[in-house]
Peer 1: 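Quick one: the structure is below, and I'll ask about it shortly.
Numbered from 1 within each chain, the chains take letters A, B, ... in sequence-line order.
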Number of protein chains: 2
Amino acid sequence: MEYITQPQQIEAESFAIIGGILAREFPDHRFADPLQEKIIKRAIHTTADFDWLEILHFSADGCEQIRQALRQGCQIFTDTNMALSGINKTRLAQLGCRIHCFVADPQVAALAKAQGITRSMAAVDLAMQQPGPRLFVFGNAPTALFRLLEICQGAPELTCPVVGVPVGFVGAAESKAALMASPLPHIAAKGRKGGSNVAAAIINAILYDLESQ
Amino acid sequence: MEYITQPQQIEAESFAIIGGILAREFPDHRFADPLQEKIIKRAIHTTADFDWLEILHFSADGCEQIRQALRQGCQIFTDTNMALSGINKTRLAQLGCRIHCFVADPQVAALAKAQGITRSMAAVDLAMQQPGPRLFVFGNAPTALFRLLEICQGAPELTCPVVGVPVGFVGAAESKAALMASPLPHIAAKGRKGGSNVAAAIINAILYDLESQ
């Protein structure tokens, strides 16, 4: 069997193929700016799903606030270990960022049980107790996103950037609509689609863009 | 904000909504058997993408061989840490299964460099040196799937079940077509779509089905 075995070559060819498909099948599509183009193409690269051309929503300051948080060596909080696993740790370390997923933390389990809330919600509560600039990355749990919005509604000084792309059929679309209607700087997905893989891809696209500058 | 905060209720409602959409929008669809139905619905649950109704391919003995491997306490080898992260560890431990992702193993990096192959391929070589029944779960790396097919072509006694759903634009569809044409017991995705999230969802569906028996 013959196949390409150079990862850089595979990735470069993948993006060239995506560009070709966009030119042929979506000739009228225009990206708002080069970073949004990189983010959207990486979401397509991760899913092979061209719906991503249309469903990401960028708040006016979303990309810039996420970039700034990463440059400042923020703490990143994910709602799943899958999202955490998918984000490039080498790049994070170079920027001095740390990344956490508290959902399986015993302290979070106890907090969730005591309060009758999901572990995803309790994980957000714990994240809000951590110092320094924060960045939330949600690919799975609508309740995490709802919780963060509740907290920030009551305390605007806690405002922080969010990648909000929970996938699913119960609460996911609603949680993302609430994020899009909020003042939080964000990148969000419209409708049901999303996922930990897309959440990680969005952060990686921004990390690689920072690296290339 | 009002939203459901009971994870079991969210999951049950999600599957009820998926069932309702299938009945309304795909009234002629018939599942081959109840386990395939569970696997396909969980892939849809994980992606909110109804293409999964049509793109999974099950070899005649695919589901049964994967079930048997899990019941025997096999070793599972994934191509990404994301796929590993997404699989239910509590259920694996109950069955005596262990799970590994060798792609970031220093031994694998050295092997890949020495041989001029991808780390994903070297990770398969290392997995083949591990004892006992094996199950491969690929959501990302066509080269891993190609490598496994090469090895088993030369040594039919090494045949083992495979979940083969690498996503992407370079080699992914070809690697899955090669798996579907092979004698390896498999669940594979046709075309470009796939991913670590779907790979994990397929294994989880089979784990939960085993649990319910």
Side-chain angles (χ1 to χ4, degrees), chain A residues 1-7 9-18 21 44-49 51 80-86 101 104 112 116-121 139-143 146-147 149-150 153 167-175 178 191-198 200, chain B residues 1-7 9-18 21 44-49 51 80-86 89 101 112 116-121 139-143 146-147 149-150 153 167-175 178 191-198 200:
Chain A
M1 286 177 252
E2 296 217 357
Y3 48 93
I4 310 177
T5 61
Q6 299 304 322
Q9 192 188 344
I10 293 171
E11 176 149 323
E13 256 192 56
S14 295
F15 280 93
I17 291 170
I18 292 168
I21 293 170
I44 294 171
H45 175 257
T46 293
T47 57
D49 184 348
D51 280 7
T80 62
N81 279 307
M82 280 192 83
L84 184 149
S85 294
C101 175
I117 59 176
T118 65
R119 291 187 300 152
S120 298
M121 294 164 74
N140 192 64
T143 62
F146 279 126
R147 184 66 157 197
L149 290 167
E150 282 173 349
Q153 208 169 27
V167 61
F169 294 85
V170 174
E174 294 82 354
S175 72
R192 293 184 189 125
K193 286 189 178 179
S196 301
N197 52 343
V198 175
Chain B
M1 286 176 254
E2 295 217 358
Y3 48 92
I4 309 177
T5 61
Q6 299 305 321
Q9 191 188 345
I10 294 171
E11 176 149 324
E13 254 189 60
S14 295
F15 280 93
I17 291 171
I18 292 168
I21 294 170
I44 294 170
H45 176 256
T46 294
T47 57
D49 184 348
D51 280 6
T80 61
N81 280 308
M82 280 192 83
L84 185 148
S85 294
K89 306 301 178 307
C101 176
I117 59 177
T118 65
R119 290 187 301 151
S120 298
M121 295 165 74
N140 192 64
T143 62
F146 279 126
R147 185 65 158 197
L149 290 167
E150 282 174 348
Q153 208 169 26
V167 61
F169 294 85
V170 174
E174 293 82 353
S175 72
R192 292 183 191 125
K193 286 189 177 177
S196 300
N197 52 343
V198 175

Peer 1: Who among A/Arg119, A/Arg147, A/Arg192 has the most heavy-atom pairs with chain B under 4.5 Å?
Peer 2: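 Highest number of heavy-atom pairs under 4.5 Å: A/Arg192.
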Peer 1: Tell me, side chain or backbone of A/Ile17 under 4.5 Å from chain B's heavy atoms, or both, or neither?
Peer 2: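 It is the side chain, since no backbone atom gets that close.
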Peer 1: With only heavy atoms counted, which part of A/Thr46 is less than 4.5 Å from chain B, the side chain, the backbone, both or neither?
Peer 2: backbone
Peer 1: Please identify each residue that fulfils side chain to side chain contact (heavy atoms under 4.5 Å, CB included) with A/Ala173, with sequence neighbours left out.
Peer 2: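 Listed in chain order: nothing, the list is empty.
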Peer 1: Would you say the side chain of A/Asp49 lies within less than 4.5 Å of the side chain of B/Lys193, judging by non-hydrogen atoms?
Peer 2: yes
Peer 1: Using heavy-atom distances under 4.5 Å, tell me whether A/Ser14 contacts chain B through its side chain, its backbone, both, or neither.
Peer 2: both
Peer 1: Between B/Thr118 and chain A, which part of the residue has a heavy atom less than 4.5 Å away: side chain, backbone, both or neither?
Peer 2: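 Contact with chain A: backbone and side chain both.
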Peer 1: Going by the rule salt bridge (charged side-chain N to carboxylate O under 4.0 Å, His left out), which residues pair with B/Glu11 if we only count those two or more places apart in sequence or in a different chain?
Peer 2: B/Arg42
Peer 1: Please check this pair: side chain of B/Gln153 against backbone of B/Glu150, looking for a donor-acceptor N/O pair closer than 3.5 Å.
Peer 2: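 No; zero donor-acceptor contacts below 3.5 Å.
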Peer 1: Let me know if A/Leu84 has heavy atoms under 4.5 Å from chain B in its side chain, its backbone, both or neither.
Peer 2: neither
Peer 1: Tell me the closest heavy-atom pair linking B/His45 and A/Val167, and the distance in Å.
Peer 2: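 It is O-CG2, 4.5 Å.
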